[in-house]
Amino acid sequence: MRKLLNIRKRSKSWGTDSRKPLIENNNNDIQDGCSGYDNPLDQNTCTTQVEKEIPLQELAELLGVTPDVNPSEDGSCCSLRPETNSPQQKQRAVRLIQASVSQHLPKPPSDLDQNLQQHLVNVQETVPNELMRLWPLLEKMDLTESLIDCYHRQTLGHIDELLKNAQSCKKAFVLMNWVLNTYLSQELLGHPDLQKMDPMKKVDLLLFTELAVKAKNKLLDNVQKQVRAHLENILQIERRQDVGDKEETCIGLYINTIMCINAMPKEAQEISSKLSDEVREVCFQELLIFLERYSSEQTEILGKKAKMDKPETIHFFKTLKTCKELKQHVQTNSKGINESLIQEIAETLEKMEDFTLKLLMDIVDDMAEIHLSNYFKTENKQFFFLILGLKAYFPKLSWCQDVQKRVMDEAYKLIAHIYLKHLVQSSQKKLKKCWSADVGQTVTEDAQSLHDTISGLAPDVKQWNLMMLKVTELLEDKDSVAVKLTAASMLKECPTWSEDEELLPALLRWKGLSGWEVKEVLEVLDSLSEHKPSSRSVSWYSCLTCW
């Protein structure tokens, strides 16, 4: 403040003595501030002009800029030569302020990883402190707006330079958070001690917005690189890993993948929900690339395993569990994400699931065909061996009960269908010889054994043996009315069996009905159906010609 008073005294003294030199130029020539004026009016005009001129030498000392520092357009140098043109003097004063800001802003740390947070705290403390220190000194010179503008531009420029060197997500998140949540907060430009000058109103929002966009783009770029690297590492571990039967090995792939793609959006949520959505979309884009590679590799691996004599199914269950969990995670967190991206991820996972399930059902089909073809041809009751085969191929797995239930549901339906197919291809006379006189009772026992085995592996599985259980009832029916009622109950209780349009006509023929009797039963069933009978009737009637 004492310096400011001295400046005012010197400016008054210069205004009363029109012949006194103002400031010595670089050539040591003395400039006459009022030369060329011949009358008192002209001298008064000169006095007014000189009083408005900014004493650059004194300003440099107040700002802490050494007199020999000459700020240029970028704030690095400036001439102290006096000018009688006031706008030019103000421009040179602004350059001095730029030089002061440049000198007082903390220098970036050599180790940005370790010291970035502390460096931003230093910047956060320096800017309001300098604004409060210089405000009283520059207010009467009409330079406060220039002071705020210089600090605004150079602070944002300083952060921009830090962004260029931020090669990790951690640093990008710190800088993004600082730009959006600290710069305009009460800890910096909104500081209570700055209320009088109110620098918030003088912030160039375009510059601020441009920096925020740069920070976001840098963050998204870093997220993409880091997530891609992490997912590649997960895939590398998967390639080297022997599945075995350990739970942590089987669930590790999807758990690590979800943790990878969920960590960044979660951190971004603390800054902005919109930013979190954009970060999540980048993560999902990388997930899609990862899944395409994973699916391609698993397709080859599972295809080879399925061709083995005794394939281990645990790898198939791991793939199904991984696809299920990843699909559920993506669909649960799809809000704010491009719908086509979500759909593409879901389709990729569903395609892999369908492929894996088909391979498993091929294994079940082969096993069931081998066991049941022998079972219906030999005199020894060998259905027990099918049960043993099921337990060997499908051990109960605690870590994927949901997936195992889905697989066993399909296996149950397939085995029951294969059983009935072999049943209708075998004459009752031959079966009575191989099994016992009561064929129906044997089928019922097999149906119950199959259900007990499947439900033991997958509790609460849907009961797919109802058609088998109806065989005894069908064999016991003595008239056409009873047969029609039993056939109707079969379709009602086992609606999915109607998809195999050959099975029911074949079962009726196996019972011993003639062709016209089977046709009569099917006509009654069509008339009772809630659907239009025409297409199914044609299919059923065409099947009669095959029997």
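Starting from 1, each residue takes its place in the sequence as its number. Note that this is a predicted model, so its numbers are computed, not measured.
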request  = Look at Lys335 together with Asp277 and state whether they make a salt bridge at an N to O cut-off of under 4.0 Å.
outcome  = no

key: Close side-chain approach of His329 and Thr332, heavy atoms under 4.5 Å   = no

remark   = Heavy-atom nearest pair, His422 first then Ser426, reads O-OG, 2.9 Å

Salt-bridge criterion met for Arg239 and Glu232 (N-O under 4.0 Å) = yes

Flag if over 12 foreign heavy atoms under 6.0 Å of NZ, Lys202 = yes

request  = Determine the minimum heavy-atom distance between Ala306 and Leu359, stating which atoms define it.
outcome  = CB-CD2, 4.1 Å

key: Gln236 CD: over 12 foreign heavy atoms closer than 6.0 Å   = yes

remark   = dist Lys318:NZ -> Cys400:SG (nearest 0.5 Å) comes out at 12.0 Å

message = Quick check on Lys310: does its NZ atom have over 12 non-hydrogen neighbours (other residues, nucleotides or ligands) under 6.0 Å away?
response = no

inquiry  = Within the 3.5 Å criterion, strictly below it, is a donor on Thr444 or Thr472 matched to an acceptor on the partner's side chain?
reply    = yes

Ion pair Glu300/Lys304, N-O distance below 4.0 Å = yes

ask   = Under 6.0 Å between ring centres, would you say that holds for His119 and His158?
value = yes

inquiry  = I need the Leu219 CG to Met176 CE distance, nearest 0.5 Å.
reply    = 6.5 Å

request  = List the atom of Lys305, the atom of Pro311, and the distance in Å for their closest heavy-atom pair.
outcome  = O-CB, 3.0 Å

query = Val407 versus Phe316: any side-chain heavy-atom pair under 4.5 Å?
reply = no

message = Suppose we screen for ring pair (Phe, Tyr, Trp, His ring centres under 6.0 Å). Which residues come up paired with Tyr419, at least two apart in sequence or across chains?
response = Phe376, Phe383

query = Do the non-hydrogen side-chain atoms of Ile342 and Glu339 ever get within less than 4.5 Å of each other?
reply = no

request  = Given salt bridge (Lys or Arg N to Asp or Glu O under 4.0 Å), test Lys358 with Asp354 step by step and report yes or no.
outcome  = CA-CA 6 Å; Lys358 182 181 181 303; Asp354 292 343; over 6 Å; no

request  = Can you establish whether the number of heavy atoms outside Glu297 located under 6.0 Å from its atom CD is more than 12?
outcome  = yes

request  = For the pair Met408 and Lys396, evaluate side chain to side chain contact (heavy atoms under 4.5 Å, CB included) and give the outcome as yes or no after the intermediate values.
outcome  = CA-CA 11 Å; Met408 298 317 297; Lys396 192 170 183 179; over 6 Å; no

Nearest atoms (heavy-atom pairs only) where Leu386 meets Ala368 = CD1-CA, 4.0 Å

ask   = Is there a side-chain contact between Trp178 and Val123, using heavy atoms and a 4.5 Å cut-off?
value = yes

query = Can any side-chain N or O of His152 pair as donor or acceptor with the backbone N or O of Ile148 at less than 3.5 Å?
reply = no

task = Identify the heavy atoms of Ile261 and Leu287 that sit nearest to each other, and give their distance.
result = CD1-CD2, 3.7 Å

task = Can you sort out the partners of Glu353 under salt bridge (charged side-chain N to carboxylate O under 4.0 Å, His left out), two or more places apart, ordered by chain and number?
result = Lys327, Arg406

query = Between CD of Glu281 and CG of Asn333, what distance do you get to the nearest 0.5 Å?
reply = 13.0 Å

ask   = Taking it one step at a time, do Thr442 and Asp446 satisfy side chain to side chain contact (heavy atoms under 4.5 Å, CB included)?
value = CA-CA 6 Å; Thr442 301; Asp446 291 344; 3.9 Å; yes

task = Verify, without hydrogens or angle tests, whether Gln154 (side chain) and Gln98 (backbone) share a donor-acceptor contact under 3.5 angstrom.
result = yes

inquiry  = Does anything in residues 261-274 form a salt bridge (Lys or Arg N to Asp or Glu O under 4.0 Å)? List the pairs, not counting sequence neighbours.
reply    = Lys274-Glu278

ask   = Mind checking whether Leu211 and Tyr183 have side chains closer than 4.5 Å, heavy atoms only?
value = no

note = Taken to the nearest 0.5 Å, the spacing of Ile255 CD1 from Lys321 NZ works out to 9.0 Å

message = Quick one: does any side-chain atom of Gln463 pair with a main-chain N or O of Asp460 as donor and acceptor, under 3.5 Å?
response = no

inquiry  = When you measure from the side chain of Ser455 to the backbone of Asp452, do you find a donor-acceptor pair of N or O atoms at a distance under 3.5 Å?
reply    = yes

inquiry  = To check you understand the geometry: which heavy-atom pair defines the closest contact between Val279 and Ala268, and what is its length?
reply    = CG2-CB, 3.9 Å

message = Just verifying a value: how many Å separate Leu116 CG and Leu175 CG, rounded to the nearest 0.5 Å?
response = 5.0 Å

request  = Scan for salt bridge (Lys or Arg N to Asp or Glu O under 4.0 Å) pairs involving residues 170-179, sequence neighbours excluded, and state none if there are none.
outcome  = Asp113-Lys171

ask   = Looking at side-chain heavy atoms only, is the closest gap between Glu325 and Asp402 below 4.5 Å?
value = yes

key: Heavy-atom donor-acceptor pair, Ser296 side chain to Glu292 backbone, under 3.5 Å   = no

query = Hey, do the aromatic rings of His451 and Tyr412 have their centres closer than 6.0 Å?
reply = yes

query = Who are the side-chain contact (heavy atoms from CB on, under 4.5 Å) partners of His230, not counting sequence neighbours?
reply = Gln226, Cys260

inquiry  = Would Asn165 and Glu161 count as a side-chain hydrogen bond (donor to acceptor under 3.5 Å, both in side chains) here? Give the steps.
reply    = CA-CA 7 Å; Asn165 296 319; Glu161 288 299 316; 5.5 Å; no

Heavy atoms from other residues, nucleotides or ligands near CD of Glu248 exceed 12 (cutoff 6.0 Å) = yes

ask   = Does Ile387 reach the side chain of Ser449, with side-chain heavy atoms less than 4.5 Å apart?
value = yes

message = Evaluate Leu420 against Leu423 for side chain to side chain contact (heavy atoms under 4.5 Å, CB included), listing each step before the verdict.
response = CA-CA 5 Å; Leu420 290 170; Leu423 177 68; 4.1 Å; yes

key: Enclosure of Glu369 CD (heavy-atom neighbours >12, cutoff 6.0 Å)   = yes

ask   = Are any non-hydrogen side-chain atoms of Lys470 and Leu474 less than 4.5 angstrom apart?
value = no

inquiry  = Consider salt bridge (charged side-chain N to carboxylate O under 4.0 Å, His left out). Of Arg228, Arg280, Arg293, which one does Glu286 pass it with?
reply    = Arg228

query = Are Asn177 and Asn181 linked by a side-chain donor-acceptor pair shorter than 3.5 Å?
reply = yes

query = Distance from Asp365 atom CG to Leu360 atom CG, nearest 0.5 Å?
reply = 12.5 Å

Lys/Arg N to Asp/Glu carboxylate O, Asp409 vs Lys413, below 4.0 Å = no

ask   = Which residue pairs pass the ring pair (Phe, Tyr, Trp, His ring centres under 6.0 Å) test when at least one of the two sits in residues 330-352, sequence neighbours left out?
value = none

